[in-house]
Structures are given as structure tokens and as C-alpha cells.
Amino acid sequence: MLTKRNLYVFIFVIAVIGLLVVQYQYLRVGLGLARAQFSDKIDTARENINSELSDVNSLTYTLGNAIRKDTAEVNISLDSLEKASQYYLNDYISYQLNVSGIDAPFSYTLYSRDSITYLSSERQQLETKEDLTYPIQIEGYLPDLLQKEIILEIGFEDLNKYFLGQLRGLIIPGLLFLMMIIFVVVWVLRSFYLQRSINTTTNDFINNLTHELKTPVFSIGLASKILREDVPEDKKPVVELIRTESDRLKKHIDKVLELAGMESGKKLMQFQEIDFRPELLRICQGFSLLAEHEAIEFDYDLEEKPYYIMAEKFHLENVIGNLLENARKYSNHPKVKLNAHIQKGRLFISITDNGQGIAKEEAKKIFSKYYRVKNGDVHKVKGYGLGLYYVQKIIKMHRGQISVESELGTGTTFILSLKLTKHG
């Protein structure tokens, strides 16, 4: 079975191979363009060379004497004349190629149609498949002098190396950027999996620790229950305090264990289609009883329709209870309002309080694990910053959405949105 990690690695490898293939195709296109530009440049150089060698000038006059082996007018030996002609012609061709923008190594041969070679460059041309030759049929003075067709053939060997050299300014940066991308992605993936490993280790540690804490908490609760029967009346409030705090600690431990189980994937949600309105009504009625004893103004309005949704009832009830509890805790004189209505195939549940509100810059962080809204240097309400993280996680697992609207000093509204399976 393909794991998520292997899938990421596979996608990364495919992406790198794809980039290499794309770069190779761009290189082929670049080589094609370079070859086309080279052909245009060499055509220009051939025209210039033919134009110059067709007239009578010092170069063609020297070449003519060397070809006819005539040293009567130059007062040097035949070998010196041929050497001089060879160098002059080489320098001239090099000059014309440079003027046309070509600086590739070349060789040349000056011969006639009857295959007689008159002059050739010191750099011998290797006859390979990669060689390119460009013949120039000389007109004017030299053919008239010899009464033959004269050909000057310029050859270039292994032009691909030359073209690649011309494209070096694109190839090397491209490869460097590709290597940088590979390095960064590998580093990110390595950091990601290292972080996941750390999170897994941390979750395992918390899981084991909380399991170990459950035993002494249970023992404390049991002992306080036994003590309550035998202690004097003036000591019973102390025992009751021990029981209350023990129960509170047990709830916190259960919540941490619940979250650890969800994050590790060991605890699967059992979804089923339910009408959530009766459950929501029961939660509201239970909170109303609490509100009567604690001087909380609580009002609720549930639209008179069935709320058919796919849900894990226990956890979704916990979400509503958690939000109502927050609305109660974070207000000095709590006024809480719950509203539920259906709109465009979705169930919207909003819970509003008159608490201190949340600043805009903190509203984006309140669903983060362990994050708590700051109130100076003191947290008025004790907790671990897990409540809203739990709420968001459960809503996401229900494929729903949660949003918050708040103003400092005015209050906060949490809005849940869940998709209906049936409309009324």
C-alpha cells in the first residue's frame, strides 16, 4: 500500500524528472535556434569572402602566385610563399568569421573541381559525422587566372560543443536553480517528517503520562468519597473540594487522551445519519437549568425543522457544550444566545456571548493547539488551550466549517456550518 510519505517522495521524483525533461527539450530547442543562427552567420561570411576573393588585391595576387608556383616577382622561396599564403588566407577567413559573429575553431581547403588541392589549413579537418562543411565557389580573378573552377571549403568539427558553449549562460543557471529546488524540497520534506516524528513521540509521551495519571486520580476520588462519610461537618467542604478538583482533573485527562487518539488515527469516528435537533434541544434545556442556578441569561432559538446530518453524536454534542461553556466562563455577567437555522442545504448553529471579545490578530490563532488568548500576564480562566482546537478538529472531521466574529469589549459569536443530508 502506498503510504502518504511514499506518495510525496514519488510526486517529488516525478516532478524532478519532469523538470529535467523540460530542460532537455528547451536545450534541444536552443540548439536548433543556435544552429539556425549559425547558418545565417556563415552565409553572411561566405558572401563577404567570395566578394573579397573575386577581386584583384594583395591576398588574391599572393594566392595566385602560390597556386601557380610563380616566385619570379616576390623574391622568396616557393615554400615561404606557400606558407605565407596559408597564413594570410587563414587570418582572412578568421577575420571574416569574427565579423559575422562566429568564433568557432575551423579548417579550410582551397581546391579545384579536378580535385587538386592548392592550399589547406594547418589545423586538419577530421572527417566525422559531426563535421559541417561550407563550400564557397570563388568567382572572378582566381578562376580566370587558372581557367578552373576554384572552391574554398570551410569546415567546423563538433559544432554541438560550440553551441553548448554559447548556451552555457542558460544551462548552468538552469541546473543550479534545479539543484537549489531539489535541495530545498529535500530539506523541507526531511524537516516535515522529523517534525512528525517529534509530534508522534510527544503524543505517545502525553498519552502514556495521562494514562498513568488516571490511576492516582481515581484513587483520590475514591478516597475522598470514603472520607466524606466519616469527617466532621466543618471538614466536609474540604473533602468536597478535593472531589470537585479530582473530577475536573479527570475531565482534562480524558480530553487529552481523546485528542491524542484522534491525532494518531487510532480512534475512528463512527458517523451515522441523525436528526440533530432533538439532541441540540436537550443540550439547550440542560444549559438552561445550569443558567438558572448561576445567574446566566441564556436564550435559544431552534428553527422548527429536522436537522438531518451525518454525525458522531457524542463528539458533536461535546462541541456545542464546549462552546456554551466558553461563553459562560469568559463573561463577567454572562448573556448567551444560541441560534440554529437552515439555509441553502446547510445547518448553521451560532453561539453568541457578551464577553471581553477577541482581537482580530488573535482570532486567527484561537484554534491552534495550546494557544490561549492573552489577558495581560494573567489568564482569568484556567485551561490548556485545547478546547477550541478540539472543536475545530471535530467540525473538520464532520466536513463542516467554523468561523468566529468578535469585537473587543462587545462579545464573540462562533458559527458552525454543517451539510444537511435531507432538506426538511
Side-chain angles (χ1 to χ4, degrees), residues 255 259 276-277 279-288 290-291 294-305 307-312 315-376 378-420 423:
K255 184 177 290 186
L259 285 172
F276 191 61
R277 190 181 188 282
E279 310 301 331
L280 188 58
L281 179 61
R282 179 176 55 80
I283 294 170
C284 291
Q285 290 172 343
F287 194 77
S288 293
L290 175 67
E294 296 193 8
I296 300 170
E297 293 185 30
F298 177 61
D299 187 24
Y300 61 92
D301 181 16
L302 309 183
E303 186 174 350
E304 292 287 345
K305 284 184 179 180
Y307 304 158
Y308 288 110
I309 57 174
M310 291 296 295
E312 213 286 349
H315 287 291
L316 195 54
E317 288 178 358
N318 281 349
V319 165
I320 304 299
N322 207 314
L323 293 175
L324 287 172
E325 183 67 13
N326 281 353
R328 178 184 71 85
K329 290 191 300 184
Y330 291 98
S331 302
N332 293 325
H333 304 286
K335 293 182 180 179
V336 182
K337 168 75 174 179
L338 186 147
N339 178 275
H341 67 279
I342 293 172
Q343 183 177 348
K344 296 182 179 180
R346 299 188 73 86
L347 170 62
F348 291 90
I349 303 173
S350 63
I351 297 173
T352 304
D353 63 52
N354 64 332
Q356 61 189 10
I358 304 169
K360 288 184 179 179
E361 58 271 15
E362 290 192 300
K364 299 176 182 178
K365 305 175 185 177
I366 58 174
F367 297 108
S368 301
K369 195 174 184 180
Y370 307 125
Y371 184 82
R372 302 195 65 217
V373 176
K374 296 178 182 178
N375 183 16
V378 179
H379 288 293
K380 179 182 174 183
V381 180
K382 303 299 181 183
Y384 302 105
L386 293 174
L388 290 178
Y389 172 77
Y390 169 80
V391 167
Q392 186 191 52
K393 193 169 187 67
I394 295 301
I395 293 300
K396 282 187 175 180
M397 294 176 80
H398 282 74
R399 300 183 183 278
Q401 298 171 353
I402 180 169
S403 60
V404 58
E405 299 174 357
S406 184
E407 288 186 18
L408 285 175
T410 302
T412 303
T413 299
F414 286 93
I415 303 171
L416 307 180
S417 171
L418 298 166
K419 186 177 180 180
L420 295 173
H423 296 262

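Keep in mind that this is a model prediction, so the values were computed, not measured.
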Peer 1: I'd like to check Leu338 versus Leu302 (side-chain heavy atoms, cut-off strictly below 4.5 Å). Are they in contact?
Peer 2: yes
Peer 1: Are the side chains of Leu388 and Asn326 in contact, using a 4.5 Å heavy-atom criterion?
Peer 2: yes
Peer 1: How would you list, by chain and number, every residue that makes a side-chain hydrogen bond (donor to acceptor under 3.5 Å, both in side chains) with Ser406, sequence neighbours excluded?
Peer 2: Thr412
Peer 1: Give the minimum heavy-atom separation between Arg328 and Val336, together with the two atoms involved.
Peer 2: N-CG2, 4.4 Å
Peer 1: Quick one: side-chain contact (heavy atoms from CB on, under 4.5 Å) partners of Glu304, sequence neighbours excluded?
Peer 2: Arg277
Peer 1: Tell me every residue that passes ring pair (Phe, Tyr, Trp, His ring centres under 6.0 Å) with Phe287, counting only those two or more places apart in sequence or in another chain.
Peer 2: Phe298
Peer 1: Compare all side-chain heavy atoms of Phe414 with those of Thr352 and state whether any distance is below 4.5 angstrom.
Peer 2: no
Peer 1: Please identify each residue that fulfils side-chain contact (heavy atoms from CB on, under 4.5 Å) with Asp299, with sequence neighbours left out.
Peer 2: Lys337
Peer 1: Restricting to salt bridge (charged side-chain N to carboxylate O under 4.0 Å, His left out), what partner residues turn up for Glu303, sequence neighbours left out?
Peer 2: Lys305
Peer 1: Hey, are the side chains of Ile309 and Leu316 touching, using non-hydrogen atoms and a 4.5 Å cut-off?
Peer 2: yes
Peer 1: Who are the side-chain hydrogen bond (donor to acceptor under 3.5 Å, both in side chains) partners of Asn354, not counting sequence neighbours?
Peer 2: Ser331
Peer 1: Please name all residues satisfying salt bridge (charged side-chain N to carboxylate O under 4.0 Å, His left out) with Glu297, sequence neighbours left out, ordered by chain then number.
Peer 2: none
Peer 1: Find out whether Arg346 and Ile342 are in side-chain contact, i.e. whether some heavy atom of one side chain is under 4.5 Å from a heavy atom of the other.
Peer 2: no
Peer 1: Does Leu416 reach the side chain of Val319, with side-chain heavy atoms less than 4.5 Å apart?
Peer 2: yes
Peer 1: Aromatic rings Tyr390 and His315: how do their planes relate, parallel, tilted or perpendicular, breaks at 30° and 60°?
Peer 2: tilted
Peer 1: Hey, does Ile320 have a side-chain heavy atom less than 4.5 Å from the side chain of Leu280?
Peer 2: yes
Peer 1: Looking at residues at least two apart in the chain, or sitting in another chain, which of them share a side-chain contact (heavy atoms from CB on, under 4.5 Å) with Arg282?
Peer 2: Glu279, Glu317
Peer 1: Gln401: which residues meet the side-chain contact (heavy atoms from CB on, under 4.5 Å) condition with it, sequence neighbours left out?
Peer 2: Ser417
Peer 1: How would you list, by chain and number, every residue that makes a side-chain hydrogen bond (donor to acceptor under 3.5 Å, both in side chains) with Asp301, sequence neighbours excluded?
Peer 2: none
